[in-house]
Amino acid sequence: MERFPLAILGPGALGLHFAARLGGIVPVALIARDAAGAARLNAGVEVGGQGFHPNAFAAEEAPEADWVIVLVKAGDTAAAAATAERMHPLGVLSLQNGLTGELLRAHCAAPRVEQGITTEGAYRERGDGADRIYPSGAGETLVPPGFEAVAELLGRAGLRARVEPDIAAARLAKLLVNVAINPLAALFRVPNGTLLEPPHRVLLDTLVREALPVLRAHGLELDEAAALARVHAVARATAANRASMLQDLLAGRRTEIDAITGALLRMAARTGSELPTHRAVQVLVRALESADDGRAAPAAC
Ligand SMILES: NC(=O)c1ccc[n+]([C@@H]2O[C@H](COP(=O)([O-])OP(=O)(O)OC[C@H]3O[C@@H](n4cnc5c(N)ncnc54)[C@H](OP(=O)(O)O)[C@@H]3O)[C@@H](O)[C@H]2O)c1
């Protein structure tokens with residue numbers, strides 16, 4: 001079977017947005033969960049108002065590829081990592097939210113397995129027919145050293161991308177934003193900008209202040225004023241957006257709370273810190289995730 005220069009594992013909102021752009025400059029293999037998913041994609045999808053006909057494959061038939069970009073939700077990382085390993089890549093790059101690098105490395109022994117970050121955005125509308133993908137604002141993609149070839153392909157496809165020497169610090173800065181905005185937007189069911197207003201603002205700032213010492217202990221070089229300013233700026237820039245955790249809860253899907261707030265709490269445990277507000281937020285999001293199961297279960301008494 002043909003070896004592809006690039007593959008994207010996870011043909012969702014962001015995966016299809018990237019695949020459509022990159023597919024214009026290089027052959028891209030798009031890896032779906034199963035044969036039905038691949039067949040649906042091969043029939044064509046709409047990305048940004050344009051028809052797109054990808055080279056889609058089921059995970060069990062994934063071809064070899066030089067570089068694999070992982071864009072499944074965090075809960076599907078282990079399965080995606082195993083697929084990526086079977087593709088014999090030079091490198092596997094996660095652009096997922098949360099911290100998934102360790103999990104990827106545990107399930108994939110490719111020569112390079114790393115996590116970058118992206119502030120590109122896209123959302124998906126699922127209909128009875130083909131999915132529709134709406135890119136929701138151009139951002140920037142930062143990749144670790146060793147992934148220069150991927151940054152170059154992204155740049156040629158018109159996506160802003162660069163190699164970030166201190167990718168660990170960039171991941172922590174993204175995690176700071178994610179642990180503050182995503183769970184609160186999901187719990188209060190509000191667009192990101194509303195978190196800047198009372199009564200949500202006090203909780204937003206509490207989450208930032210509580211997370212900061214742990215993130216600083218792991219290498220994030222931001223003082224409190226700069227950390228608050230960064231989170232506020234993202235909430236302002238994405239004021240009308242519904243965070244992915246909110247979209248997941250509303251659609252009855254599992255959220256990425258364990259890779260986001262859970263990752264922060266695991267880091268805190270390593271330094272012996274307690275983060276009571278983040279712990280409470282995690283418990284609340286998990287309770288909402290399982291609310292559907294609870295309603296479906298027969299009454300105990
Ligand atoms: N969307 C954004 O704007 C955005 C921005 C920055 C970062 N991110 C991050 O990027 C990641 C992807 O987000 P998304 O919004 O694109 O999610 P999404 O729309 O839910 O897409 C995930 C895709 O992965 C597929 N998948 C799941 N397990 C798989 C497997 N084992 N093999 C192959 N495909 C598999 C899913 O298939 P099914 O449909 O069959 O479940 C789905 O098509 C997340 O970590 C997210 O936090 C997203």
Side-chain angles (χ1 to χ4, degrees), residues 7-20 29-41 45 47-48 54 56-62 65 68-87 92-101 103-104 107-108 115-127 130-142 159 170-171 174-175 177-179 181-183 185-186 192 234 237-238 240-263:
I8 293 181
L9 224 164
L14 207 55
L16 276 164
H17 167 49
F18 273 77
L30 187 61
I31 314 303
R33 196 192 285 274
D34 52 28
R40 221 174 24 251
L41 290 162
V45 285
V47 182
F57 300 84
E60 62 186 21
E61 287 171 4
V68 178
I69 299 178
V70 175
L71 280 169
V72 301
K73 284 277 172 65
D76 293 313
T77 301
T83 302
E85 181 172 289
R86 291 199 307 275
M87 299 172 77
V92 177
L93 175 68
S94 160
L95 292 176
Q96 300 161 281
N97 276 330
L99 296 187
T100 59
L103 187 56
L104 265 178
H107 293 268
C108 176
Q115 184 171 15
I117 60 166
T118 187
T119 53
E120 281 289 324
Y123 65 96
R124 170 169 58 167
E125 256 180 29
R126 288 178 195 250
D131 283 358
R132 288 204 172 93
I133 305 299
Y134 298 94
S136 58
E140 189 178 26
T141 301
L142 306 188
L159 296 161
R171 278 195 301 263
K174 180 100 194 280
L175 188 66
V177 170
N178 286 147
V179 296
I181 293 181
N182 285 27
N192 294 352
V234 173
T238 60
N241 292 8
R242 292 208 292 191
S244 60
M245 203 174 283
L246 171 57
Q247 293 177 40
D248 287 340
L249 273 188
L250 292 176
R253 292 189 295 260
R254 187 171 38 156
T255 72
E256 296 185 298
I257 191 79
D258 279 326
I260 295 175
T261 303

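Numbering of ligands and ligand atoms starts at 1, following listing order. In this chain, numbering begins with 1 at the start of the sequence shown.
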K.L.:
Tell me whether Arg126 reaches ligand 1 (any heavy atom closer than 4.0 angstrom to a ligand atom).
P.N.:
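It does; at least one heavy atom falls under 4.0 Å.
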K.L.:
Do you see a donor-acceptor pair shorter than 3.5 Å between the side chains of Thr77 and Thr100?
P.N.:
no
K.L.:
Any sub-3.5 Å donor-acceptor pair from Thr119's side-chain atoms to Glu140's backbone N or O?
P.N.:
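Yes, Thr119 side chain to Glu140 backbone: donor-acceptor pair under 3.5 Å.
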K.L.:
Which heavy atom of the protein is the closest neighbour of atom 24 (O) of ligand 1, given with residue, atom name and distance?
P.N.:
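Sorting protein heavy atoms by distance from atom 24 (O) of ligand 1 puts Gly10 CA, 3.4 Å first.
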K.L.:
Rounded to the nearest 0.5 Å, how far does OG1 of Thr238 lie from CD1 of Ile181?
P.N.:
5.5 Å
K.L.:
Heavy atoms only: which of Glu60, Glu256, Arg33 lies closest to atom 38 (P) of ligand 1?
P.N.:
Arg33
K.L.:
Quick test of your reading of the structure: of Gln247, Arg124, Glu120, whose heavy atom lies closest to atom 42 (C) of ligand 1?
P.N.:
Arg124
K.L.:
Please state which part of Ala259 comes within less than 4.0 Å of ligand 1, counting heavy atoms only: side chain, backbone, both or neither.
P.N.:
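Within the 4.0 Å criterion, Ala259 makes no contact with ligand 1.
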K.L.:
In the protein, which heavy atom is nearest to atom 9 (C) of ligand 1, and how far is it?
P.N.:
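Heavy-atom neighbour on the protein nearest atom 9 (C) of ligand 1: Asn97 N, 3.7 Å.
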K.L.:
For ligand 1, indicate whether the residue Met245 contacts it via side chain, backbone, both or neither (heavy-atom separation under 4.0 Å).
P.N.:
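The answer is neither; Met245 stays 4.0 Å or more away.
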K.L.:
So, Glu120 side chain and Ala138 main chain: donor-acceptor pair closer than 3.5 Å or not?
P.N.:
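No, because the side chain of Glu120 does not come within donor-acceptor range (under 3.5 Å) of the backbone of Ala138.
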K.L.:
Would you mind running through ligand 1 and noting each atom that sits below 4.0 Å from a heavy atom of Leu14?
P.N.:
4 (C), 5 (C), 6 (C), 7 (C), 8 (N), 10 (O), 16 (O), 48 (C)
K.L.:
Grab the two heavy atoms, one from Leu175 and one from Gly98, that are nearest each other, plus how far apart they are.
P.N.:
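What the structure gives for the nearest pair is CD1-CA, 4.3 Å.
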K.L.:
By number and element, which atoms of ligand 1 are closer than 4.0 Å to a non-hydrogen atom of Leu71?
P.N.:
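Per the distance check, 10 (O), 12 (C), 22 (C).
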K.L.:
Report yes or no: does Arg253 have a heavy atom closer than 4.0 Å to ligand 1?
P.N.:
no
K.L.:
Considering Thr141, Asn241, Val72 one by one, which has a heavy atom nearer to atom 11 (C) of ligand 1 than any of the others?
P.N.:
Val72
K.L.:
For a side chain to side chain contact (heavy atoms under 4.5 Å, CB included) with Thr118, tell me which candidate from Leu159, Leu95, Leu142 qualifies.
P.N.:
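When side chain to side chain contact (heavy atoms under 4.5 Å, CB included) is applied between Thr118 and each of Leu159, Leu95, Leu142, only Leu95 qualifies.
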K.L.:
In terms of residue, atom name and distance, what is the protein heavy atom nearest to atom 21 (O) of ligand 1?
P.N.:
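Nearest protein contact, heavy atoms only, for atom 21 (O) of ligand 1 is Gly12 CA, 3.1 Å.
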K.L.:
In terms of atom number and element, which parts of ligand 1 are under 4.0 angstrom from non-hydrogen atoms of Gly121?
P.N.:
3 (O)
K.L.:
Going from OG on Ser244 to CZ on Arg253, what distance comes out if it is rounded to the nearest 0.5 angstrom?
P.N.:
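It is 9.0 Å, given to the nearest 0.5 Å.
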K.L.:
Run the numbers for me: atoms of ligand 1, each under 4.0 Å from some heavy atom of Ala79, listed by number.
P.N.:
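Contacts of ligand 1 toward Ala79, numbered from 1: 31 (N).
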K.L.:
Compare Asp131, Asp76, Ile69 and give the one whose heavy atom is closest to atom 28 (N) of ligand 1.
P.N.:
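Answer by nearest heavy atom: Asp76.
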K.L.:
Could you see which bit of Ala13 sits under 4.0 Å from ligand 1, with heavy atoms only: side chain, backbone, both or neither?
P.N.:
both
K.L.:
Using heavy-atom distances, let me know which of Ala38, Pro11, Ala243, Gly98 sits nearest atom 43 (O) of ligand 1.
P.N.:
Pro11
K.L.:
For atom 13 (O) of ligand 1, find the nearest protein heavy atom and state the residue, atom name and distance (0.1 Å precision).
P.N.:
Lys73 CE, 3.9 Å
K.L.:
Measure the spacing between CZ of Arg254 and CG of Asp248 and express it to the nearest 0.5 Å.
P.N.:
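The CZ atom of Arg254 sits 10.0 Å away from the CG atom of Asp248.
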K.L.:
When Val177 is tested against each of Asn97, Val234, Ile260 for side chain to side chain contact (heavy atoms under 4.5 Å, CB included), which residue passes?
P.N.:
Val234
K.L.:
Considering the heavy atoms of Gln96, write down every atom of ligand 1 situated less than 4.0 Å from one of them.
P.N.:
45 (O)
K.L.:
Hey, does Thr118 come in under 3.5 Å of ligand 1, counting only N/O atoms on both sides?
P.N.:
no
K.L.:
Within the structure, is a non-hydrogen atom of Gly37 found at a distance of less than 4.0 Å from ligand 1?
P.N.:
no
K.L.:
Is Ala122 close to ligand 1, meaning an N/O of one under 3.5 Å from an N/O of the other?
P.N.:
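Yes; at least one N/O pair falls below 3.5 Å.
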K.L.:
For Leu30 and Leu16: C-alpha separation, side-chain torsions, deciding distance, then whether side chain to side chain contact (heavy atoms under 4.5 Å, CB included) applies.
P.N.:
CA-CA 8 Å; Leu30 187 61; Leu16 276 164; 3.5 Å; yes
K.L.:
Please check if the side chain of Gln115 supplies one atom and the backbone of Leu99 the other of a donor-acceptor pair under 3.5 Å.
P.N.:
no
K.L.:
Between the main-chain N or O of Ala74 and the side-chain N or O of Glu256, is there a donor-acceptor pair closer than 3.5 Å?
P.N.:
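At least one qualifying donor-acceptor pair exists.
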K.L.:
Considering only heavy atoms, which of Leu95, Thr83, Thr100, Leu9 lies nearest to atom 32 (N) of ligand 1?
P.N.:
Leu9
K.L.:
Kindly write out the residues that satisfy side chain to side chain donor-acceptor pair (under 3.5 Å) with Thr83, not counting sequence neighbours, or none if the list is empty.
P.N.:
none
K.L.:
I'd like to know if Asp76 pairs up with Arg33 as an ion pair, taking the criterion as any Lys NZ or Arg NE/NH1/NH2 lying under 4.0 Å from an Asp or Glu carboxylate oxygen.
P.N.:
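Arg33 and Asp76: salt-bridged.
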K.L.:
Under a 4.0 angstrom heavy-atom cut-off, which atoms of ligand 1 come close to Ile31?
P.N.:
33 (C), 34 (N)
